[in-house]
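Notes to accompany the following structure.
Note on naming: letters A, B, ... go to the chains in the order of the sequence lines (proteins, then strands), and numbering restarts at 1 for each one.
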Amino acid sequence: AEEGMVSLVRAVKNGDEKRALEVFYKLEDEGRETKFYNRVLGMFGDAFSSEAAEKVYDELGRRNVRPSVQTFSIMMKYLAAEGRMDKAEEMFSLIKRTGFDPNRSAFNSLISARGKRGDIRGAERAFEELRSLKIHPNNVTFNLLLSALRDAGQIRKMKRYFTLMRRFGLEPDVITFSIVIDALGKKGHVRAAESALQDMKSRDIQPNIVTYNTLLKVYAANDLPDRVEETRTAMEQAGVRPN
RNA sequence: GCACUACUUGCCG
């Protein structure tokens, strides 16, 4: 069993989809549980494609292995990444039709999928549905909404969600701030981006490599070479190395 | 716990 996984991982690493599938089919002949399929789903989705992941997914049905909520979330991720929204939405529906209750991560996956497609309305509807089910959102939930709104350039709405976090007992984190800084910079609101950075620091959240890359991007896009230099210096002083 | 979040660059598809 252990050896089989090793050769599966090796085939996936080598990018050999055909070989990986063969090993997978052989392994599942030994009788496997949901968790195994979910793992393989992730490996195939990351290394190959949503179609490859679907081949694994189809085996669950063929072998009468019951999927889990995670199974559908994993599929949604790969389908949405390739723009296959109808299929991704279908996966979310299948959670309910299979008799499961979608949990917070499942809703987060739905928000992510819709947000990626620029479907702000849909992402917000997913958030509202989550709330109506009395599921507590987490930082990921809000960061996903903010990220979608950033892509759509909807700063005002971002502010509303940013404020709303606190009402759920949540505090913005380093990811929240990098989304906010990026969004403001894209709009040319450099001073606002800088005050977001200050806000972050005042909460004792340390800028990380992504924060600095975002700042560099903001300054470069707004033709502020001096600020770029200052940021590089700040990075060095903070011991954050360019990646 | 096997699923969900930000930036840059490269590689593969």
Pair [X]-[Y], side-chain donor/acceptor within less than 3.5 Å:
{"X": "A:Thr176", "Y": "A:Asp173", "result": "yes"}
{"X": "A:Arg84", "Y": "A:Ser50", "result": "yes"}
{"X": "A:Arg160", "Y": "A:Thr163", "result": "no"}
{"X": "A:Thr214", "Y": "A:Thr211", "result": "no"}

Open item on the list: If the condition is ring pair (Phe, Tyr, Trp, His ring centres under 6.0 Å), which residues does A:Phe92 pass it with, not counting sequence neighbours?
Closed with: A:Phe107

Residue pairs fulfilling ring-ring contact (aromatic ring centres under 6.0 Å, His included) with at least one residue in [range], sequence neighbours excluded:
{"range": "residues 53-81 of chain A", "answer": "none"}
{"range": "residues 224-243 of chain A", "answer": "none"}
{"range": "residues 109-137 of chain A", "answer": "A:Phe127-A:Phe142, A:Phe127-A:Tyr161, A:His136-A:Phe168"}

Open item on the list: Run the salt bridge (Lys or Arg N to Asp or Glu O under 4.0 Å) test against A:Lys96 and tell me which residues pass, sequence neighbours left out.
Closed with: A:Glu129

When all nucleic acid strands are considered with a 4.0 Å heavy-atom cut-off, which category describes [X]: base, sugar-phosphate, or nothing?
{"X": "A:Asp173", "result": "nothing"}
{"X": "A:Lys217", "result": "sugar-phosphate"}
{"X": "A:Arg150", "result": "sugar-phosphate"}
{"X": "A:Asn14", "result": "nothing"}
{"X": "A:Thr214", "result": "sugar-phosphate"}

Heavy atom of [range] under 4.0 Å from RNA chain B: which residues?
{"range": "residues 64-87 of chain A", "answer": "A:Gln70, A:Ser73, A:Ile74, A:Lys77"}
{"range": "residues 177-199 of chain A", "answer": "A:Ser178, A:Ile179, A:Asp182"}
{"range": "residues 36-50 of chain A", "answer": "A:Asn38, A:Arg39"}

TODO: For RNA chain B, note the earliest and the latest nucleotide, 5' to 3', having some atom under 4.0 Å of a heavy atom belonging to chain A.
DONE: B:rG1 to B:rU8

Open item on the list: Applying salt bridge (charged side-chain N to carboxylate O under 4.0 Å, His left out) as the test, list every pair that has at least one member in residues 197-207 of chain A; sequence neighbours left out.
Closed with: A:Glu171-A:Arg203, A:Asp199-A:Arg203

Task: A:Arg125/A:Glu128 ion pair, N-O < 4.0 Å - done: no

Only pairs under 3.5 Å count here: list side-chain donor-acceptor contacts from residues 189-198 of chain A, not counting sequence neighbours, and write none if there are none.
from     : atom 1 : to       : atom 2 : distance (Å)
A:Glu194 : OE2    : A:Tyr219 : OH     : 2.6
A:Glu194 : OE2    : A:Arg227 : NE     : 2.8
A:Ser195 : OG     : A:Ala192 : O      : 3.0

Under 3.5 Å, which donor-acceptor pairs do the side chains of residues 17-29 of chain A form with other protein atoms, sequence neighbours left out?
from    : atom 1 : to      : atom 2 : distance (Å)
A:Glu28 : OE1    : A:Tyr37 : OH     : 2.6
A:Glu28 : OE2    : A:Arg63 : NE     : 3.4
A:Glu28 : OE2    : A:Arg63 : NH2    : 3.4
A:Asp29 : OD1    : A:Arg63 : NH1    : 3.2
A:Asp29 : OD1    : A:Arg63 : NH2    : 2.9

